[in-house]
Every structure is written in structure tokens, then in C-alpha cells.
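Have a look at the structure below, then the notes.
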Amino acid sequence: LPQLSIQLAQAALSEDDKKIQELSVRLYNICHERLSAQLDPIEPDTKAYGRIAAQLGGARVLKDAYEIRQCMKCAPALLEHLARTPASVHDLQVPDVELYGRWFAEFEAKHRDDVHLLLVNLLSRCPRAPDMFKILLHIVGSGEAEVAYRHPAGAVVEVMLHDMELAADQARENIILSTDLGIIKVHLSEFYASASALCDAFELDLKGAWGHRLVAMRSSLSAAIRERISAAPRLIKAALYQRPSRREQQSATPALPDPQKIEEAEFAVNLLMELRSFLGQLTLNADFSRVRSEVEQFLEVIAERLLRDIQDGSDEARAFASEAYAAAGRLMHAVFGREASDLYMRRARAAMQHAAAVA
């Protein structure tokens, strides 16, 4: 390989495309032969397999080596097709879909056992799941998920399901950790778009291989979301409702809103309201309706109480409300919209002016 690498570098510097192609094929062939010689004798689930996996850094690395070997076996044909593929495949029309279908047939004729590799590579250039499913439906010739599952092209759906699982798991983890809602929305959008495209493309049996995995994703993600949004009414009350204890009433320093509680309430409420765009791929419709109704009621009552406390409450209540009304305004914006929030903030400022004038 050292001499071949030098020759490749020289060919690249001189921009000799013919030489680059010739040397690249030799490079792939040599690496494929050497990898095959090492990997073919290793039987899975044996001591030798485990020992080599450990030496390489784990079973995942050894599996990657097998996949690299598989790609190298058909590398020239893969490269030929990918050289004709745009860097980004999107907005496919019927002629485009038929073209990729012909490429699949050509590749399948020579590399039947590795035909899914062409589609997996195409998937890396196809950012929108609906476009990829157009190609798959054309190749498979059926919208029945179980038929597609048994077809060689169905392996690509396995890859897409894996990506969906990653997006759902990342969203779930970030929801549990209360990380940035913008990041959570990106992961939810990715999961929702792919899951919706899958459901639109195929008649899914929810007890079948693909349907079962989709149900598991929906269930796990929905459970994490349900736990967070169900706490929203309680969190609003904890953040914005003040009931001073006897000790606080006797204290010279009045109790003020807890910023952490306000942050928790805002996260839960904003998450709740963002769900409207994703309910089609979650199992949360009843929970969403129930919690949203409770949040609206809690927020209206507590927000009005803050206005009364600013204007007519005790010193302690006025101090608390004067610090809390802005958070109530932000929650009003999330739940009822900008117009309702702006009206509330104007009323709060008028109440503050009235309280200052009376004092």
C-alpha cells in the first residue's frame, strides 16, 4: 500500500482522472482481499470473534469492518452510480424516480446480495424521507409494508428507522434533562417528518416488524413528554402563586418568585404548546387536551390574582406580584398568543402605576 498511496497522490496532483480511477480500483481490490482474508475465517459468537473485536476496540468496530469489506466488494459499481448522483437529492419527479429505479435494477443484476448498499448511499444524499420513499415504492412495486420488508430494498427502511430511533431518543433525553427547547424541537421535527413519511408511504401493520418499532418509539417518547407536561399546572402554581407562611409574614424581607421554579414552569408550558405540530405521531391527544385546559384555567386565575395583588395586596403580596407578572406575561404569550400577552402586560403596568400613585 505505501507505493500505491504515493502513486495515487502523484495522479491526484497531476489531475490524471484515468490514472486515479485505475489506482483507486487497485486500492479497493487489495483492501477487500486483505480484509476478506482476515474476516472470512472468523465465526460470529466464537472466542476468536470476541478476541479480535476486543483488540479492535469493540464489537461495533468489527461490525464496521465487515460492512467496509462488503462495500469494497462492489465499490467500483457504487462509485460509478454515485458519481452520477447529485450531492442533494430532493423534490423528485416521476422521471427522477424512474431513473433511480433503473440504476437499482442495473446494480442488482451484478450485486444482488449488496443491492441495499446503493440505496443506503443514496439515502445519505436524500435529506427528505418522502423522496426516498418515492424511490422505494417504485422499486418494490407495493405499498404493503410486509412486502417491502421482505424486498432487498427494505433494508434502507431499517436504516431510516434507526435514524428515527436516534431522533426520538435524543428528544426524549433532552426532555428529561430540560435542555434547550429549540434543540428538542429539531429532534421532534426529524422524528415526526420521517414517521409521517413512513406512514404515508406504506400500509403499516402495527404488529409487524416496522410497525412494532414505530409503536415502541411513539410510546417511549410520549411517556417522557406526558410526565413533563402533566406537571405544568402544578409548576405554574409553584412559580406564580404566593401563600406566605406565618414566618414570611413576620419577616422584614418579603418572599420573591423563585427563578428556577419560573424556568421549570416555562419549559413545561412551552413544551406543551409546541406539541401541537407533532401530535400526529405521538400518543398524547387526550393528555394534551386535558393539560392544556388545566393550564389555561390555572394561568388565567393566577395571572388575575397577580394584578389584584399589585394594586390592592399587602406589601408582601405586592412585592411578589411585581416580580412575577412578567413571567405570567410570557406564559400568557405561549398559551394565548401575543395579543393576549400584550393586553395583560399593559394591565400590569397600569396596576403598577396605580399602586405607585396610591403609595
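The model shown is predicted, which means the values in this text are computed figures rather than measured ones. The chain is numbered in sequence order, starting from 1.
Electrostatic pairing of D309 and R305 counts as a salt bridge here, judged by a charged N lying under 4.0 Å from a carboxylate O. Remark: E106 does not engage R102 in a salt bridge, criterion side-chain N to carboxylate O under 4.0 Å.
Annotation for P41 and A37: closest pair CD-O, 3.3 Å, computed over non-hydrogen atoms. The two residues L78 and N121 come nearest to each other via the heavy atoms CD2-ND2, 3.9 Å.
Without hydrogens or angle criteria, T46 side chain to E43 main chain gives a donor-acceptor distance under 3.5 Å. Using modelled atom types, one side-chain atom of S341 and one backbone atom of G329 make a donor-acceptor pair closer than 3.5 Å. Although no hydrogens or angles enter the test, the distance criterion places no donor-acceptor pair under 3.5 Å between the side chain of R347 and the main chain of E304. Distance alone, capped at 3.5 Å, places no donor-acceptor pair between the D131 side chain and the C126 backbone. When atom types are taken as modelled, the side chain of Y192 and the backbone of Q281 share no donor-acceptor pair closer than 3.5 angstrom. The backbone N or O of I183 sits less than 3.5 Å from a side-chain atom of D180, completing a donor-acceptor pair. A distance-only check finds no donor-acceptor pair linking the side chain of T283 to the backbone of S222 [under 3.5 Å]. A donor-acceptor pair under 3.5 Å links the side-chain atoms of S230 to the main chain of R226, judged by distance alone. Judged purely by atom type and a 3.5 angstrom limit, R292 has no side-chain atom pairing as donor or acceptor with the backbone of S289. Panel note: side chain R125, backbone V89; no donor-acceptor pair is recorded below 3.5 Å.
The CG atom of L307 sits 12.5 Å away from atom CD1 of I302, with the distance rounded to the nearest 0.5 Å. The CG atom of L122 lies 12.0 Å from the CZ atom of F107; values are rounded to the nearest 0.5 Å. A distance of 6.0 Å separates CG of D342 from CZ of R338, quoted to the nearest 0.5 Å. Remark: R234 CZ to E264 CD distance equals 8.0 Å, nearest 0.5 Å. Put simply, CG on L306 and OH on Y325 are 11.0 Å apart, with the number rounded to the nearest 0.5 Å. Atom CZ in R218 sits 15.0 Å away from atom CZ in F278 (nearest 0.5 Å).
Hydrophobic cluster membership differs between M72 and V115, with clusters built from Ile, Leu, Val, Met, Phe, Trp and Tyr side chains linked at under 4.5 angstrom. Hydrophobic clustering, with ILVMFWY side chains joined whenever heavy atoms are under 4.5 angstrom apart, keeps L235 apart from F336. Follow the hydrophobic side-chain contacts under 4.5 Å out from M217 and you never reach V186; the two are in separate clusters. When the side chains of ILVMFWY residues are joined at heavy-atom separations under 4.5 Å, either directly or via intervening members, I262 and V295 end up in two distinct hydrophobic clusters. Under the 4.5 Å side-chain heavy-atom criterion for grouping Ile, Leu, Val, Met, Phe, Trp and Tyr, V159 is connected to M164 within one hydrophobic cluster.
For an aromatic pair to be called close, the ring centres must be under 6.0 Å apart, and H32 with Y28 fails this.
Looking only at side-chain heavy atoms (C-beta outward), P233 and V291 come within less than 4.5 Å of each other. With a 4.5 Å cut-off on side-chain heavy atoms, R308 and Q311 do not count as touching.
Seen from the ring of Y66, K63 does not count as a face-on cation partner, given the 6.0 Å and 45° thresholds.
Checking S293 against Q297 by side-chain atom types alone, a donor-acceptor pair falls below 3.5 Å. Looking at S220 and R172, their side chains do bring a donor and an acceptor atom within 3.5 Å of each other.
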When the side chains of residues 135-154 are checked against the rest of the protein, which donor-acceptor pairs come out under 3.5 Å, sequence neighbours left out?
from : atom 1 : to   : atom 2 : distance (Å)
S142 : OG     : E144 : N      : 3.1
R150 : NH1    : E146 : O      : 3.4
H151 : ND1    : A153 : N      : 3.0

Validation: residues 5-17 side-chain donor-acceptor distances under 3.5 Å, sequence neighbours left out:
from : atom 1 : to  : atom 2 : distance (Å)
S5   : OG     : L1  : O      : 2.9
S14  : OG     : Q10 : O      : 3.0
S14  : OG     : A11 : O      : 3.1
D16  : OD1    : K18 : N      : 3.4
D16  : OD1    : K19 : N      : 3.1

Under 3.5 Å, which donor-acceptor pairs do the side chains of residues 204-211 form with other protein atoms, sequence neighbours left out?
from : atom 1 : to   : atom 2 : distance (Å)
D205 : OD1    : K207 : N      : 3.0
W210 : NE1    : E158 : OE2    : 2.7

Requested in this report: I would like to know whether Y241 and V301 meet side-chain contact (heavy atoms from CB on, under 4.5 Å); could you show each step before the answer?
Outcome: CA-CA 10 Å; Y241 181 78; V301 171; over 6 Å; no
Requested in this report: Starting from the C-alpha separation in whole Å, work towards a yes-or-no answer on side-chain contact (heavy atoms from CB on, under 4.5 Å) for M160 and L198.
Outcome: CA-CA 9 Å; M160 299 174 78; L198 177 65; over 6 Å; no
Requested in this report: Step by step, work out the side-chain contact (heavy atoms from CB on, under 4.5 Å) result for L39 and L62.
Outcome: CA-CA 9 Å; L39 295 175; L62 185 53; 3.7 Å; yes
Report task. Go through D40 and R69 one step at a time and tell me if the salt bridge (charged side-chain N to carboxylate O under 4.0 Å, His left out) criterion holds. Result -> CA-CA 10 Å; D40 287 348; R69 188 271 305 267; 2.5 Å; yes
Requested in this report: Would you check, one step at a time, whether the test side-chain contact (heavy atoms from CB on, under 4.5 Å) holds for L221 with L188?
Outcome: CA-CA 9 Å; L221 181 55; L188 285 175; 3.7 Å; yes
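Just one of E227, H187, R228 meets the side-chain contact (heavy atoms from CB on, under 4.5 Å) condition when paired with I175; it is R228.
The number of heavy atoms from other shown groups lying within 6.0 Å of CZ (R290) is above 12. Around the CD atom of E98, the shell of radius 6.0 Å holds more than 12 heavy atoms that belong to other residues, nucleotides or ligands.
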